[in-house]
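Before any comments, here is the structure.
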Amino acid sequence: MKSILRRELGSPLILGLVGSLFIALGSLAVGWLGPGSNVRSWAFIDALRSNVLLVHTATIVVIGASLLLVIAWLKLGVQLRANPPDALRRVIVAAAVWAVPLIVAVPLYSRDLFAYVGQGRLMVGGFNPYLDGISAIQGWFNIGVDPLWASAKTPYGPVYLWIEQIVVGSVGTSPITAVAIFRLIAVLGVAGIAFYAYRIARLRGLDPSQVLWLVLASPIIMFNFIVGGHNDALMLAFLIAGMYYAMIKRPIIATILVTLAIGVKPIALIALPVIGIIWAGQNRTVRSTIKYWVATAAISFVILGVLGFVMNVGFGWVFTLATPGAVAHWYAPVNILAIGLGGAFGAVGLDGEIGANIVKYTAMALMAVIVAWLMLTKRNIDPMMRLSFAFAALVLSSAVIHPWYAAWVIVLFAVSGVRVGLQTHLIVAASIFFACVSIAEGMDVSDAVQGDVGAAILRTVIISGGAIALIVAYCIHEDLSIALLRRRIREARLRFAVSRAAAGAARRATGHPASRSATTLTKP
């Protein structure tokens, strides 16, 4: 045992474990608890949370420990490349060891776990979450739900509403137990993602250790799915499983699994056409593609329709797809443009909101065009890449980009297969950025601590400075520079142009019908 500890001291395994343990310890003082939770009255918890100095200390501890976990993840990536034969075991062991303390941590980085409890109570009380907000139930605020959810309609599908109803109905009035179960469901979702990501990696000839480094051990996964307990983990698990079964020619199973993903979060609807494309095969025609699209849509419609009827919520989830978010994030490209155009409108005496809405709805229209092209074109695009780019277009066109939205895109691109080099560097940089955005989410602290300007500035400096330092350190370690990145972008564009030209020449030389059918398929 001593020899193992001596060998691993300073390794990513130990660094990440230390980070996870301190995140869990810090969460006792600043993790989210409902205002009416009886845990607040426990002597130990009350002593921690009533002492301003301890609370200030805990906020810094959580931030520092979270950054330490990011560092451990980066070191793990280096270690995996240095020792390929042992890489798969190391990434699985590290992820499991890091996750254990986080599973028992008080919720951090998000309050959505409490929203699941509130929606479960809506269902148990006979309300329709597509029509009623959480404020329709008595004592909703004491659960710990973010007030933003008070009047909001649920964005979740009937499958997750059914899960919420079962969980809350089983545990009664205990939100702590319900929160623990919802987190366990998210953890099982992460396990499902990892299992099917591994199988897809083997199927596609990818390095399983590198794929699992991005989809299992990543701090985005740890912060948002393990600690935060977001149901996106379950949605992604069903989605990745569906794509795997589509690839091994089990289209019915694939369609059912993607339908379950839609039933968790309706945004997964974007994967149904991809299942139809895989089902139609490489030599698909316009007619066969449409036939399989109709088949997948019919299977999904029947399953969701029956479930909606049984639960008395119908197809209310459809309207959540087109509802623009009331919240906007400063780092979302669409929001930056919306603020800019809105400000320009205001400067000339026009309504700034009109300018902002022009940007937002233009972005949505552009996203629809991109997704339609990805699904309609008969160009030789890998189905997983079609899905990855569709999700990327969806996220980038939104003024709201939560860190767990970024997780969708990162997981899908990782499973699609990213080349070592520029693609990997971009994913790592995005992972660091969104991990630090997760850390910056508010904590459950008193007004005195929350309103301390000096402490708030200190926290911001540590997080933003940590993000910049980590990205710079990564670039230095990987010998990256702006000139190198520009050269690699030019090389990638040249390779793409050459491959397109070669494919076109091959089709013309063989008289392949793909060029003719592509024109037919994309014709308006």
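All of these numbers come straight from a predicted model, not from anything done at the bench.
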With the side chain counted from C-beta on, respond yes when [X] and [Y] share a heavy-atom pair under 4.5 Å apart, and no when they do not.
| X | Y | value |
| --- | --- | --- |
| S110 | N224 | no |
| L412 | M243 | no |
| S50 | R40 | no |
| I427 | S431 | yes |
| V179 | P107 | yes |
| M123 | N128 | no |
| H230 | F225 | yes |
| V334 | V359 | yes |

May I ask you to decide if the ring planes of [X] and [Y] are parallel, tilted or perpendicular, using 30° and 60° as cut-offs?
| X | Y | result |
| --- | --- | --- |
| H402 | Y405 | perpendicular |
| W149 | Y156 | tilted |
| Y244 | Y196 | tilted |

Would you find a donor on one side and an acceptor on the other, under 3.5 Å apart, between the side chain of [X] and the backbone of [Y]?
| X | Y | answer |
| --- | --- | --- |
| R183 | A105 | yes |
| S288 | R284 | no |
| Y245 | L257 | no |
| W32 | S27 | no |
| S300 | T296 | no |

At their closest point, which heavy atom of [X] faces which heavy atom of [Y], and how far apart are they?
| X | Y | answer |
| --- | --- | --- |
| G228 | L113 | O-CG, 3.3 Å |
| V313 | P129 | CG1-CD, 4.4 Å |
| P333 | L396 | CG-CD2, 4.5 Å |
| S416 | M384 | OG-O, 3.3 Å |

Atom [atom1] of [X] and atom [atom2] of [Y]: how far apart are they, to the nearest 0.5 Å?
| X | Y | atom1 | atom2 | answer |
| --- | --- | --- | --- | --- |
| W279 | T289 | CH2 | OG1 | 12.5 Å |
| N335 | H329 | CG | NE2 | 9.0 Å |
| I439 | I23 | CD1 | CD1 | 7.5 Å |
| T255 | I278 | OG1 | CD1 | 10.0 Å |
| I193 | M235 | CD1 | CE | 8.5 Å |
| I370 | M375 | CD1 | CE | 11.5 Å |

Quiz item: If you count the non-hydrogen atoms of other residues, nucleotides and ligands that lie under 6.0 Å from CZ in F22, is the total more than 12?
Solution: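 No - once you tally the heavy atoms of other residues, nucleotides and ligands closer than 6.0 Å, there are 12 at most.
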
Quiz item: Does CZ belonging to F433 count more than 12 external heavy atoms closer than 6.0 Å?
Solution: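 Count over threshold, so yes.
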
Quiz prompt | Full working for side chain to side chain contact (heavy atoms under 4.5 Å, CB included) between L28 and F44 | solution = CA-CA 9 Å; L28 295 173; F44 177 65; 3.9 Å; yes

Quiz item: So, are D444 and R49 salt-bridged, with charged N and O less than 4.0 Å apart?
Solution: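 Looking at R49 together with D444, the answer is yes, because their closest N to O distance falls below 4.0 Å.
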
Can you name the side chain to side chain contact (heavy atoms under 4.5 Å, CB included) partners of [X], sequence neighbours left out?
| X | answer |
| --- | --- |
| A297 | none |
| I303 | I256, T259, I299 |
| I92 | L88, L212 |

Practice problem: Please test E164 against V117 for side chain to side chain contact (heavy atoms under 4.5 Å, CB included), starting from the C-alpha separation and ending with a verdict. | Solution: CA-CA 7 Å; E164 289 174 336; V117 178; over 6 Å; no

Exercise. Apply side chain to side chain contact (heavy atoms under 4.5 Å, CB included) to L234 and V159, showing your working.
Key: CA-CA 11 Å; L234 187 61; V159 170; 5.7 Å; no

Exercise. Evaluate the criterion side-chain hydrogen bond (donor to acceptor under 3.5 Å, both in side chains) for residue pair Y160 and T154; output intermediate values, then yes/no.
Key: CA-CA 10 Å; Y160 203 73; T154 181; over 6 Å; no

Quiz item: Going through the checks in order, is the ring-ring contact (aromatic ring centres under 6.0 Å, His included) test met by F223 and F434?
Solution: CA-CA 10 Å; F223 295 162; F434 283 104; over 10 Å; no

